[in-house]
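All figures in this text were calculated on a predicted structure; none of them were measured in a lab. In this chain, numbering begins with 1 at the start of the sequence shown.
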Amino acid sequence: MPNKSPGHGHDTRYVRLQKNYCFACGKNNPEGMRLKFTYDEERDCFVCRFRLGKRYTGPPGHAHGGIIATILDEAMGKVNKLRHVVALTSQITVDYLKPVPLNKPLRVESREVRVRGREHINMAEILNPKGEVLASGRGLFIAIDPQKMFAKFVDR
């Protein structure tokens with residue numbers, strides 16, 4: 001099992017995609033969310049501060065549940081970088097605790113729960129400025145060999 005160490009973004013030492021078109025964090029996706037995560041070493045978690053605009057509307061004035069799940073999934077996925085692995089989402093569960101407002105400052109935080117072989121279990125929470133948890137998620141990620149799975153997409 002790889003040792004845990006600080007990590008950032010989508011880069012790993014194993015694979016570098018030509019451009020990052022990820023809907024949630026890709027800087028090359030003009031239609032994406034362009035979420036930017038940082039690693040808080042002191043708190044041992046990834047953090048992203050963001051606001052959701054009108055295009056992410058679900059219920060009036062609030063975010064669509066699929067967007068909430070996307071943000072939690074992306075945040076949990078970042079945690080795998082600490083182990084220098086590429087791991088894909090196998091399962092996620094989302095608890096929608098309170099409506100997530102549009103056009104307000106929000107943050108998402110994510111942490112590792114457990115690693116067993118190729119299975120990585122992570123958790124994330126979306127919080128408002130008061131620190132209230134609006135939504136939380138738990139995910140199972142399976143470590144893969146990116147050279148095998150994404151060979152035709154890897155920049156050589």
Does one hydrophobic cluster hold both Leu134 and Met123, with members joined at side-chain heavy-atom distances below 4.5 Å? no

Show, in sequence, the C-alpha distance, side-chain angles and deciding distance for Glu112 and Arg83, and conclude whether the side-chain contact (heavy atoms from CB on, under 4.5 Å) test is met. CA-CA 10 Å; Glu112 182 178 274; Arg83 301 248 181 212; 2.8 Å; yes

Under-4.0 Å salt bridge between Glu119 and Arg114: no

When clusters are formed by joining ILVMFWY residues with side-chain heavy atoms under 4.5 Å apart, either directly or through shared neighbours, do Leu127 and Tyr96 land in the same one? no

Side-chain touch Cys22/Lys27, heavy atoms, less than 4.5 angstrom: no

Would a distance-only check, ignoring hydrogens and angles, find a side-chain to backbone donor-acceptor pair under 3.5 Å from Ser110 to Ala124? no

Taking the side chain as everything from C-beta on, heavy atoms only, tell me whether Met149 gets closer than 4.5 Å to Leu88. yes

Is there a path from Tyr21 to Leu35 through hydrophobic residues (I, L, V, M, F, W, Y) whose side chains come within less than 4.5 Å of each other? no

Return the minimal non-hydrogen interatomic distance between Met33 and Tyr56, and the atom names on each side. CG-OH, 3.4 Å

Assess, by modelled atom type and distance only, whether the side chains of Asn80 and Asn122 contain a donor and an acceptor separated by less than 3.5 Å. yes

Candidate pair Arg43 and Glu109, rule salt bridge (charged side-chain N to carboxylate O under 4.0 Å, His left out), full reasoning: CA-CA 10 Å; Arg43 295 176 53 234; Glu109 298 181 356; 2.7 Å; yes

Run the numbers on Val100 and Leu106 for side-chain contact (heavy atoms from CB on, under 4.5 Å), then give the verdict. CA-CA 9 Å; Val100 176; Leu106 301 166; 3.6 Å; yes

Are any non-hydrogen side-chain atoms of His120 and Val85 less than 4.5 angstrom apart? yes

Can you get from Leu102 to Phe50 by hopping between Ile, Leu, Val, Met, Phe, Trp and Tyr side chains that sit under 4.5 Å apart? yes

Check the hydrophobic clustering (I, L, V, M, F, W, Y; side-chain heavy atoms under 4.5 Å; chains of links allowed) and say if Leu82 and Leu140 are grouped together. no

Between Arg118 and Ile142, is the side-chain contact (heavy atoms from CB on, under 4.5 Å) condition met? List the steps. CA-CA 5 Å; Arg118 293 178 52 216; Ile142 306 299; 3.1 Å; yes

If you take all heavy atoms of Ala87 and Phe141, which pair is closest and at what distance? CB-CB, 3.8 Å

Which heavy atom of Gly32 sits nearest a heavy atom of Arg55, and at what distance? O-NH1, 4.0 Å

When you compare the side chain of Asn103 with that of Pro101, does any pair of heavy atoms fall below 4.5 Å? no

Quick one: are Phe37 and Val108 in side-chain contact, heavy atoms under 4.5 Å? yes

Let me have the donor-acceptor pairs involving side chains of residues 63-73, under 3.5 Å, with sequence neighbours excluded, atom names and distances please.
| unit_1 | atom_1 | unit_2 | atom_2 | d |
| --- | --- | --- | --- | --- |
| His64 | ND1 | Gly66 | N | 2.8 |
| Thr70 | OG1 | Gly66 | O | 2.8 |
| Asp73 | OD1 | Thr89 | OG1 | 2.7 |

Would you mind reporting whether Val113 and Arg138 have side-chain heavy atoms less than 4.5 Å apart? yes

Arg111 side chain to Cys45 main-chain N or O, any donor-acceptor pair under 3.5 Å? no

Set out, in order, the CA-CA distance, both residues' side-chain angles and the distance that settles side-chain contact (heavy atoms from CB on, under 4.5 Å) for Ile144 and Phe150, then state yes or no. CA-CA 10 Å; Ile144 55 99; Phe150 303 123; 3.8 Å; yes

Across all chains, not counting sequence neighbours, the side-chain contact (heavy atoms from CB on, under 4.5 Å) partners of Leu97 are Asp95, Val133, Ser136

Going by the angle between their ring planes, with limits at 30° and 60°, are Phe46 and Tyr39 parallel, tilted or perpendicular? tilted

Within the side chain of Asp40, is there an N or O that forms a donor-acceptor pair under 3.5 Å with the backbone of Asp44? no

What's in the same ILVMFWY side-chain cluster as Val47, cut-off under 4.5 Å, chained through other members? none

Could you tell me whether the side chain of Lys36 reaches within less than 4.5 Å of the side chain of Cys25, counting heavy atoms only? no

